[in-house]
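Here is the structure we will look at, set down as structure tokens.
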Number of protein chains: 2
Amino acid sequence: MKSNLDLKARQILKSAKLYLTAGRMSVVQALLKADKPLTQEQIAGRLGKKRFDKVTIYRTLKTLVKVGLVHRAFIEDRARHFELAHNCSESQCHPHFTCTNCGRTHCLTDMAIPGAKKRYKGFLIHRQQTRFEGLCPACA
Amino acid sequence: MKSNLDLKARQILKSAKLYLTAGRMSVVQALLKADKPLTQEQIAGRLGKKRFDKVTIYRTLKTLVKVGLVHRAFIEDRARHFELAHNCSESQCHPHFTCTNCGRTHCLTDMAIPGAKKRYKGFLIHRQQTRFEGLCPACA
DNA sequence: AGAATATTTGCAACTTAGTTGCAAATTAGG
DNA sequence: CCTAATTTGCAACTAAGTTGCAAATATTCT
Ligand SMILES: [Zn+2]
Ligand SMILES: [Zn+2]
Ligand SMILES: [Zn+2]
Ligand SMILES: [Zn+2]
């Protein structure tokens with residue numbers, strides 16, 4: 001019996017014509033379940049009994065970013081954070097909020113940000129990302 | 001004969017009541033001259049004959065960030081990038097543009113971005129940063 | 001289903017970015 | 001110029017991410 005999560009992950013990988021492997025399935029499922037951007041280490045920690053080498057996870061993430069299924073979130077932290085792109089519009093990711101007190105980061109998935117112009121002084125703008133700092137509800 | 005740059009750097013450090021040291025002067029001057037965010041390594045490479053340990057540069061940057069003179073820019077790159085905060089408003093940095101073709105990053109110092117609300121679902125927003133991806137004038 | 005081909009995986013070793021502790025050197029202030 | 005406070009350089013270290021390569025697995029073709 002395949003779970004809904006399993007089917008979704010399968011579909012996501014197939015949609016990008018990627019080899020369907022156990023490692024990729026697990027990484028995508030971890031990202032599907034997450035409500036915020038995760039690092040390699042966090043993903044590894046959410047794989048249950050399944051274990052994959054960190055190299056595999058890094059390479060999977062790189063592949064998923066390349067085909068546009070995953071976006072990198074910019075967070076005040078040494079490690080890179082990744083999340084599925086399904087909440088993002090073509091030209092803009094949802095914004096992220098990092099609390100300067102507790103350090104936690106939240107996705108403001110339904111906050112509307114006015115998009116910038118597509119052209120600005122010779123620059124051709126394809127994507128836009130916004131980051132907030134301040135106090136989260138728990139710390140305010 | 002003290003240069004204008006020297007005076008500016010001196011003034012910046014004094015304004016924050018920081019010890020005026022050769023290392024800090026050099027770092028601030030490098031940032032003053034730069035037209036884009038720099039990494040520790042780039043700063044070190046722009047110090048001329050003067051040499052300071054990378055630890056000193058990292059610590060100087062950390063100090064300058066803490067007192068608000070320097071901001072960290074979020075760039076698709078493994079290393080942290082820093083720039084002087086003098087072009088930023090209280091609540092918002094100028095946006096940065098990274099070219100997906102050549103990889104270079106530019107400051108869009110005079111591009112106006114509409115500021116987000118100060119409050120959103122319990123979040124208290126203090127600062128906002130925007131990042132663009134696309135093609136720079138040279139690559140478009 | 002089985003063979004041929006293309007792609008991915010794990011391992012070990014490595015690189016790069018950034019941090020820590022501590023003694024010596026430098027700075028500010030009187 | 002003396003003293004106390006702060007910063008610096010060094011060496012050693014941690015953490016994040018990358019590389020090459022042989023073995024394993026996935027897809028395609030018959
Ligand atoms: Zn996104
Ligand atoms: Zn908080
Ligand atoms: Zn998010
Ligand atoms: Zn800038």
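Residue numbers begin at 1 in each chain, while the letters A, B, ... track the order of the sequences. Remember, predicted model here, so these are calculated numbers, not experimental data.
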B/Lys14 side-chain proximity, nearest of C/dC11, D/dT27, C/dA28: C/dA28

Nearest to the side chain of A/Arg59, which nucleotide is it out of C/dA17, D/dC21, D/dT7? D/dC21

How many whole angstroms separate atom CG of A/Asp77 from atom C1' of C/dA17? 13 Å

To the nearest Å, how far apart are B/Asp53 CG and C/dA25 C1'? 14 Å

Value in whole Å for how far the C1' atom of C/dG10 lies from NZ of A/Lys50: 18 Å

Please state how far atom CG in A/Leu13 lies from atom P in C/dT8, giving the value in whole angstrom units. 11 Å

Check whether any side-chain N or O of A/Gln129 sits under 3.5 Å from a backbone N or O of A/Arg72 as a donor-acceptor pair, and report yes or no. yes

Which nucleotide in the list C/dT19, D/dA16, D/dT8 gets nearest to the side chain of B/Tyr58? C/dT19

Using a heavy-atom cut-off of under 4.0 Å over every strand shown, decide if B/Lys17 touches base, sugar-phosphate, or nothing. nothing

Are B/Phe74 and B/His96 close enough that their ring centers fall under 6.0 Å? no

Could you state the atom-to-atom distance from CG of A/Leu18 to C1' of D/dT25 in whole Å? 15 Å

Nucleotide nearest B/Lys54 (side chain, heavy atoms from C-beta), chosen from D/dT18, D/dA26, C/dT19: C/dT19

Just the rounded figure in Å: distance from P of C/dT16 to CZ of A/Arg80. 14 Å

Mind checking if B/Gln40 touches a base, just sugar-phosphate, or nothing, with heavy atoms under 4.0 Å? nothing

Strictly below 4.0 Å, N to O, side chains only: are A/Lys36 and A/Glu83 in salt-bridge contact? no

Among C/dT8, C/dT15, C/dG18, which nucleotide sits nearest the side chain of B/Arg78? C/dT15

Earlier contact from the 5' end, DNA chain D, for B/Thr56 and B/Tyr19: B/Tyr19

Whole Å only: how far is the CG atom of B/Leu20 from the C1' atom of C/dG29? 14 Å

Determine: side-chain N/O of A/Thr21 to OP1/OP2 of C/dT9, distance under 4.0 Å, yes or no. yes

Spacing between B/Lys62 atom NZ and D/dT6 atom P, to the nearest angstrom: 17 Å

Over 12 foreign heavy atoms within 6.0 Å of NZ, B/Lys118: yes

Is the shortest side-chain N to carboxylate O distance from A/Lys121 to B/Asp110 below 4.0 Å? yes

